[in-house]
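Below is one structure, written out as C-alpha cells; comments come after it.
Heads up: numbering here begins at 1 and tracks the sequence.
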Amino acid sequence: FGPVLGFLTKIKKLLETVCHNCGKIKANTVSHPYWDGKLDWFTSLSQYQADSKFTEALRFRDPKRRFDAIWRLSKDVLVCEADAPADDEEFSKESQKGRSHGGCGNAQPTVRKEGICLVGTWKPSKAMMEDEMAQPEKKVITPTMALNIFRNISVEDVRIMGLSNDYARPEWMILTV
C-alpha cells in the first residue's frame, strides 16, 4: 500500500493544490451559479469578480498546462478560504451574490519531499503564537492520509485541474491492496 514512485511528484503537487480537509482547490476560485461541468463558462467570469490569475489559468486548453497554472496559484496558500458567516440577511445576500469559495478555513501545510516520503509542515496560527512560542508541526503524510484527501476532491475540481474523471482520478495514483 503506497504511492507509485512514478507518481510521487504529481501526488506532491496535488497535495499542494487541494485542501487537506475539504478537498477544494486552495486557489482563489469562484462558485459560478450556472456551472454546467464544462470549462466554456470562463468567458462570463468577469462579472463575478474572479481572481484574474485563476481565470487565466482556466483559459489553458491543454490539461497539463492548466494543472501547472492552478498548482502555481495554490501551492503558496496556507489557509483554505472559508465563507464569511451569514450574520445579517441583507449583507449575506449581497456577499453571496458576488463570489463564494466554499472552503473550510483550516490551516494547510507546506509539503516537502524527503527521499520517498512526503512531509507536511503546518505553521502555528497567530492565536497560538501570541500565547506561547509555538513551533511548526511536522508530520509525515502517509499514503492513507493522501488517499483520504484525494477521495474528497469533487468531480468538478478534478475537471478544473485538468485531470480526467474517467482515466486519471487522483486516488488512483495510490496503490491499495
Side-chain angles (χ1 to χ4, degrees), residues 1-4 7-33 35 37 48 50-51 53-54 57-58 66-87 92 95-96 98-114 116-132 134-165 168-176:
F1 171 67
V4 179
F7 290 123
L8 197 57
T9 304
K10 189 69 141 183
I11 289 170
K12 177 187 177 289
K13 286 185 175 186
L14 275 167
L15 288 171
E16 291 174 330
T17 304
V18 298
C19 173
H20 286 224
N21 189 48
C22 66
K24 293 201 174 284
I25 297 173
K26 295 189 299 185
N28 190 6
T29 60
V30 176
S31 178
H32 193 283
W35 174 258
Y48 294 96
D51 182 13
K53 292 179 183 177
F54 186 74
L58 289 180
R66 186 173 2 157
F67 178 80
D68 189 56
I70 292 173
W71 168 72
R72 289 182 191 283
L73 293 173
S74 301
K75 68 180 180 174
D76 296 327
V77 177
L78 296 178
V79 176
C80 181
E81 183 182 325
D83 293 338
D87 294 336
S92 65
S95 64
Q96 292 295 331
R99 59 187 265 204
S100 171
H101 179 262
C104 61
N106 286 335
Q108 300 299 311
T110 54
V111 180
R112 300 282 178 244
K113 185 174 152 189
E114 295 179 2
I116 60 169
C117 294
L118 296 175
V119 178
T121 305
W122 282 261
K123 293 185 179 176
S125 65
K126 291 182 181 180
M128 288 178 65
M129 292 189 85
E130 289 174 1
D131 294 341
E132 57 187 58
Q135 296 293 323
E137 178 187 351
K138 284 183 102 175
K139 194 169 26 171
V140 173
I141 298 174
T142 63
T144 306
M145 290 171 60
L147 185 64
N148 289 333
I149 292 165
F150 291 164
R151 284 183 178 156
N152 287 335
I153 301 174
S154 69
V155 172
E156 290 176 10
D157 287 345
V158 170
R159 188 173 294 130
I160 287 171
M161 286 188 289
L163 299 175
S164 169
N165 283 303
R169 285 282 307 169
E171 61 265 22
W172 297 346
M173 295 181 197
I174 297 178
L175 294 177
T176 57

TODO: Would you check, one step at a time, whether the test side-chain contact (heavy atoms from CB on, under 4.5 Å) holds for T144 with I174?
DONE: CA-CA 9 Å; T144 306; I174 297 178; over 6 Å; no

Open item on the list: For the NZ atom of K75 and the OG1 atom of T17, what is their distance to the nearest 0.5 Å?
Closed with: 10.0 Å

- [ ] Please step through side-chain contact (heavy atoms from CB on, under 4.5 Å) for the pair E171 and T176, ending with a clear verdict.
- [x] CA-CA 10 Å; E171 61 265 22; T176 57; over 6 Å; no

- [ ] List the atom of V158, the atom of I153, and the distance in Å for their closest heavy-atom pair.
- [x] CG2-CG2, 3.6 Å

TODO: Check whether any side-chain heavy atom of L15 sits under 4.5 Å from a side-chain heavy atom of F150, and report yes or no.
DONE: yes

Open item on the list: Quick one: does any side-chain atom of T121 pair with a main-chain N or O of K138 as donor and acceptor, under 3.5 Å?
Closed with: no

Task: Shortest non-hydrogen contact from D157 toward K24 - done: OD2-CA, 3.5 Å

Task: P109 to H20 - nearest heavy-atom pair and separation - done: CG-CE1, 3.6 Å

TODO: Could you tell me which non-hydrogen atom of Q108 sits nearest to which non-hydrogen atom of C19, and how far apart they are?
DONE: NE2-SG, 3.1 Å

- [ ] Nearest 0.5 Å please: distance from the OG1 atom of T110 over to the NZ atom of K123.
- [x] 6.0 Å

Open item on the list: Nearest 0.5 angstrom please: F54 CZ to S74 OG, how far?
Closed with: 7.5 Å

- [ ] Please name the pair of heavy atoms, one in K12 and one in V111, separated by the smallest distance, quoted to 0.1 Å.
- [x] CE-O, 3.5 Å

Task: Exceeds 12 heavy-atom contacts within 6.0 angstrom, atom NZ of K13 - done: yes

Open item on the list: Counting C-beta onward and ignoring hydrogens, is there a side-chain heavy-atom pair between L118 and L8 closer than 4.5 Å?
Closed with: yes

TODO: Of all the heavy-atom pairs spanning A57 and L73, show the shortest one and how long it is.
DONE: CB-CD1, 4.2 Å

Task: 4.5 Å side-chain heavy-atom contact, L175 and F7 - done: no

- [ ] Go through I11 and I141 one step at a time and tell me if the side-chain contact (heavy atoms from CB on, under 4.5 Å) criterion holds.
- [x] CA-CA 11 Å; I11 289 170; I141 298 174; over 6 Å; no

Open item on the list: Rounded at 0.5 Å granularity, tell me how far CH2 in W71 sits from CG in D76.
Closed with: 9.0 Å

